[in-house]
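Just below is one structure, and these are the notes that go with it.
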2 protein chains.
Amino acid sequence: MTRTSLKDWNCSLARSLDIIGDKWAMLIVRNAFFGTTTFSGFQAELGIAKNILTNRLKHLTENGILRRLEKDGCYPRYKLTPAGWELSTVFIALLQWGDKHVPPPGGPPLQIVDRETLQPIRALALQSGDGKPLSTKEVRFAKTPADFEKR
Amino acid sequence: MTRTSLKDWNCSLARSLDIIGDKWAMLIVRNAFFGTTTFSGFQAELGIAKNILTNRLKHLTENGILRRLEKDGCYPRYKLTPAGWELSTVFIALLQWGDKHVPPPGGPPLQIVDRETLQPIRALALQSGDGKPLSTKEVRFAKTPADFEKR
DNA sequence: CAGTATCCTCGCAGATACTG
DNA sequence: CAGTATCTGCGAGGATACTG
């Protein structure tokens, strides 16, 4: 009678979906990937309710996607773990799929380009260390970040 | 006050998540990819409630992921559209991520191998035509299909 | 077999006020 | 700023009975 949990399924996809299978989780990871680190940052960019955001951040932290870093006298920062970084392969695939098959209401889709070459990125191979931002493989948006996520 | 819909966001990822961002949708696509075509097939394999399954199948059909084929005097069959096939890049990425980062409760994870070479598949490039199953690139499970998804 | 029709429940999510 | 606490409610999702 309770909702089925996928945690214990003998299937990696199912278990993965149990962690990042809801829309907010994936969007949070995406924004973390593109540089957001603070509570209010996620909150403003996504327009998500605070308690829900708390929930998701906690859930992602407990499942090893995010790491919560507290420096004394400073705001806590959320950064992707290596496992979190590797999720980029997933949402980039989804993003590109969406670019192709779910056209935006108006205007052309935003593009992800390499920060240096400005060439469109088709797939990412990430091998980051311990949550540090990537150097050359780092990506940005062709449009300004502000354009990107207007809620 | 209503739940936020991602349909109209200016972001391909968000719009994609609105379509296949819930766990059942992705699992249905996965099973469709691996050969399931009938209502009862999905129902038995996933253990999903019938009305929910009806919902999801309708939703996926309306959004161009599945195609519902009716032959007179025969059961309806659900087959992936080309767009649906291309989703495999997404869930394979997720599946492999899960293999690495969300270890199963007991025993080694199942593996996806090439049907002919039996080599593990790391990434798929699909270029299927009109919903037809793929030929050489088709994949199967190293274990029997029956092992695969025991609900 | 492939759904439709109901009913019911509880989880997710939104809004808001409040705290260190 | 970064949450916590509380209230509220829609609606996803489950169970079951029924139909062509």
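Because the structure is predicted, anything quoted here is derived from the model rather than measured.
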Exercise. Could you tell me whether Arg77(A) contacts a base, only the sugar-phosphate backbone, or nothing, with contacts defined as non-hydrogen atoms closer than 4.0 Å?
Key: nothing
Exercise. Show the numbers, then the answer: is there a side-chain contact (heavy atoms from CB on, under 4.5 Å) between Leu57(B) and Arg68(B)?
Key: CA-CA 9 Å; Leu57(B) 289 176; Arg68(B) 188 176 183 277; over 6 Å; no
Practice problem: Quickly work out the Leu46(B) CG to dA12(D) P distance and round it to whole Å. | Solution: 19 Å
Quiz item: What is the distance, rounded to the nearest whole Å, between atom CG of Leu60(B) and atom P of dG3(C)?
Solution: 13 Å
Quiz prompt | dG3(C) OP1/OP2 closer than 4.0 Å to side-chain N/O of Tyr78(B) | solution = yes
Self-check item: Test log, rule side-chain contact (heavy atoms from CB on, under 4.5 Å), inputs Arg77(B) and Thr38(B)
Solution: CA-CA 5 Å; Arg77(B) 307 247 158 202; Thr38(B) 65; 3.6 Å; yes
Quiz item: Between Leu53(B) (CG) and dA12(D) (C1'), how many Å, whole number?
Solution: 14 Å
Quiz prompt | Rounded distance in Å - CG (Leu66(B)) to P (dA2(C)) | solution = 14 Å
Exercise. Report the base-pairing partner of dG20(C) (Watson-Crick or G-U wobble, both distances below 3.5 angstrom), or none.
Key: dC1(D)
Quiz item: Hey, mind stepping through Gln96(B) and Ser12(A) against side-chain hydrogen bond (donor to acceptor under 3.5 Å, both in side chains) and telling me if it holds?
Solution: CA-CA 7 Å; Gln96(B) 293 181 335; Ser12(A) 296; over 6 Å; no
Quiz item: Nearest-Å distance, CG (Leu27(B)) to C1' (dG13(D))?
Solution: 14 Å
Quiz prompt | Main-chain N/O of Ala93(B) paired to Thr89(A) side chain as donor or acceptor, under 3.5 Å | solution = no
Self-check item: Ring centres under 6.0 angstrom apart (Phe91(A), Phe33(A))
Solution: yes
Practice problem: Could you say whether Ser5(A) or Tyr75(A) is positioned toward the 5' end of DNA chain D, judged by the nucleotide with the nearest heavy atom to each? | Solution: Tyr75(A)
Practice problem: List the atom of Arg15(B), the atom of Trp9(B), and the distance in Å for their closest heavy-atom pair. | Solution: NH1-O, 2.9 Å
Self-check item: N/O (side chain, Ser40(A)) to phosphate O (OP1/OP2, dA2(D)) under 4.0 Å
Solution: yes
Quiz item: Which pair of heavy atoms, one from Trp97(A) and one from Ser16(B), lies closest together, and at what distance?
Solution: CE3-OG, 3.7 Å
Quiz item: Could you state the NZ-P distance from Lys58(B) to dG3(C), rounded to the nearest angstrom?
Solution: 9 Å
Any N/O pairs under 3.5 Å between the protein and nucleotides 11-13 of chain C? List them or say none.
from: dG11(C); atom 1: N2; to: Arg3(B); atom 2: NH2; distance (Å): 2.6
from: dC12(C); atom 1: O2; to: Arg3(B); atom 2: NH2; distance (Å): 3.1
from: dA13(C); atom 1: OP2; to: Arg56(A); atom 2: NH2; distance (Å): 2.8

Quiz item: Rounded to the Å, how far apart are Leu57(A) CG and dT4(D) C1'?
Solution: 14 Å
Quiz item: Asn55(A) has an atom CG; how far is it from atom P of dC10(C), in whole Å?
Solution: 19 Å
